[in-house]
Structures are given as structure tokens and as C-alpha cells.
Amino acid sequence: MTARIIDGKAIAEALRTQTATEVAAVQAHTGITPHLVAILTGDDPASAVYVRNKQKACEKAGLKSTLHRLPATTTQAELLALVAQCNADPTVHGILVQLPLPPQIDPQVVLDAVHPRKDVDCFHPENVGLLTQGRPRFLPCTPAGVMHLLESTGVKTAGAHAVVLGRSEIVGKPMALLLVQKGADATVTVCHSRTRDLPSITRQADILIAAIGKANFVTADMVKPGAVVIDVGISRLNDKLVGDVDYNAVAPIASAITPVPGGVGPMTIALLLRNTLTAASAVK
Ligand code: GUN
């Protein structure tokens with residue numbers, strides 16, 4: 001078997017086109033242009049690339065985007081003051097504080113300060129709580145992007161055993177929540193660094209989602225033949241971008257697999273635009 005390659009770039013583009021149509025409809029009905037503010041603190045080169053891509057995607061879909069660039073020496077109080085200013089600005093619908101933040105700033109304090117109705121990353125405890133209860137206001141961008149990829153590829157999650165590798169707040173935990181919720185109906189196992197005999201569990205997966213940030217960690221012996229493999233990881237190895245999955249070894253035994261780059265990555269941005277549209281649509 002050679003796996004079907006799940007084309008995240010094409011699926012994300014289709015979703016962004018749909019979002020652009022809905023943005024135009026909101027503008028026509030309300031005169032409101034959805035507006036995302038991104039705050040980039042410090043000089044992390046990868047973050048600068050992510051933020052630039054988010055801005056470009058906003059502009060292409062007809063959303064307004066504003067970037068605030070702050071120096072690496074910014075204090076927590078200064079960043080909190082900017083977040084408060086964006087919270088109070090009625091022309092701003094979504095606020096994205098790009099992570100990581102410089103070491104003098106506690107990311108939890110800053111993320112908790114973002115107004116929950118403008119929290120398009122879905123990081124605020126109120127939004128995580130709503131998601132946990134199955135009544136989400138926003139969807140967590142990367143996990144919701146993975147769900148959209150599965151749906152678009154025709155992968156049935158109901159009754160499937162989904163194994164999530166990684167328990168991060170951004171991907172692993174919310175990924176498990178989306179898979180187990182009513183409608184998705186997967187049986188979910190979450191594995192992490194203290195999991196015993198990991199390969200024996202990953203080999204049970206009908207759907208294997210890797211989100212640990214370790215290059216080429218998932219090897220062929222960890223994958224059941226015919227499994228759907230979703231690779232959320234992205235690492236730089238010898239100047240090449242690679243995922244958590246040893247793609248060349250796993251692709252021949254999987255039924256479908258996401259490449260890195262061009263798999264999950266573009267979906268995250270597409271879902272961020274949708275959340276910004278949701279936030280703008282909720283404005284009364
Ligand atoms: N840094 C890496 N991924 C993300 C993300 O999804 N949101 C934010 N705000 N920062 C990130």
C-alpha cells in the first residue's frame with residue numbers, strides 16, 4: 001500500500017476561499033471588516049515567518065490585519081498594556097499573541113488577559129472550558145485544522161481508535177477533546193513522554209496524530225498497516241523541515257498521511273481566519 005498524501009495546502013486554500021466569501025457577506029450585511037491584531041514580541045525568526053504568513057492570509061481573504069512588533073526587552077506590563085488597548089478597541093475582533101514570548105514575560109498571564117471574545121487562538125480558560133463542555137465559542141486552530149483535514153479526506157472518526165502523541169495545551173489536549181466529542185465519536189488515547197511501551201499503543205491506532213516536536217520520532221514499526229497518519233510536528237533538521245513522522249518509512253504502510261511542510265501547517269492559519277470571522281460576526 002502507498003499512502004494517499006493529504007494535501008493540506010489545497011484543503012486550506014479551499015477553506016480560505018470559503019472564508020473570503022463569508023467575510024464579504026458579513027461586510028455587505030453589517031459594514032464590519034473582521035480585524036485581526038497580531039502581537040510579535042522579540043526576534044524569533046520562525047515566529048516572524050508565521051506572523052507574516054498569517055497577515056498575508058488575512059489580506060487575501062479580505063480581513064484586516066494589524067501587526068504590533070515589540071522589542072525583545074518588552075516588559076510584561078508593557079505587553080499587558082497593549083493587550084488591554086486591543087481589548088478595549090471595538091474595531092479589533094481577534095487578538096493573537098505570538099508565542100514564544102521572551103523569558104521575562106509569563107505567557108499564561110498574558111494569554112489570560114486577552115478578552116475571551118477576541119481570543120482567536122482559543123487559549124483563554126473560558127474558551128477551553130466551553131470547548132471541554134462541547135459548546136465551543138472558538139475552535140483551537142491546529143486541532144480543528146486536523147479535524148477538517150480528516151473530514152475532507154473522507155476519514156471516518158466515529159468508533160475509530162485515535163492515538164494522540166503529545167499532551168500540549170496548544171495541540172495534544174484540545175486535539176483529544178475534539179476527537180472524543182459527540183459527532184466525532186472517536187475512542188481516544190493520549191500518549192506522552194511517560195507512556196510505557198509506546199509502540200504497542202501507537203500500533204493500535206486507526207488514526208495516529210503526532211504532536212511532540214521530535215523530528216522523525218514515529219518509525220514504521222510504530223504504525224499499523226493502513227492507519228491514517230497526521231503529522232503536526234515541524235522541526236528543522238540539516239536545514240530541511242521535517243515532521244514528527246519518519247515520512248519515507250511510514251508512507252508505504254499508511255493508508256493516508258500528511259506531508260511536512262504542506263500538511264497541517266496551512267490549516268492552522270485557515271482556522272485562525274475562521275475564528276476571526278466568528279469573532280467579528282458575534283459583534284452586536
Ligand atoms: N506559536 C506557535 N504556534 C502558535 C499558535 O498556534 N498561536 C500562537 N499565538 N503562537 C504560536
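Both counts, for ligands and for their atoms, begin at 1 and track the order of listing. Numbers here are sequence positions counted from 1.
At a threshold of 4.0 Å, the pair R274-E22 counts as salt-bridged, since one of the basic side-chain nitrogens sits closer than that to a carboxylate oxygen.
Annotation: F123 places no N or O atom under 3.5 Å from an N or O atom of ligand 1; distance criterion only. In terms of N/O distances under 3.5 Å, ligand 1 is not approached by I170. Between D121 and ligand 1, a contact under 3.5 Å exists for at least one N or O pair.
The protein atom (non-hydrogen) at minimum distance from atom 10 (N) of ligand 1 is L99 N, 3.0 Å. Annotation: atom 11 (C) of ligand 1 to nearest protein heavy atom, Q98 NE2, 3.4 Å.
By the definition of a contact as any protein heavy atom under 4.0 Å away, atom 3 (N) of ligand 1 is not in contact.
Judged purely by distance below 3.5 Å, without hydrogens or angles, the side chains of H35 and S65 never pair a donor atom with an acceptor atom.
No donor-acceptor pair closer than 3.5 Å links the side chain of D185 to the backbone N or O of G159.
One distance of note links NZ of K118 with NE2 of H93; it measures 7.5 Å at 0.5 Å rounding. Between L273 atom CG and T268 atom OG1 the span is 11.0 Å, to the nearest 0.5 Å.
The neighbour count for D106 CG, taken as heavy atoms of other residues, nucleotides or ligands under 6.0 Å away, is above 12.
Listed by atom number, the atoms of ligand 1 under 4.0 Å from V97 heavy atoms are 8 (C), 9 (N).
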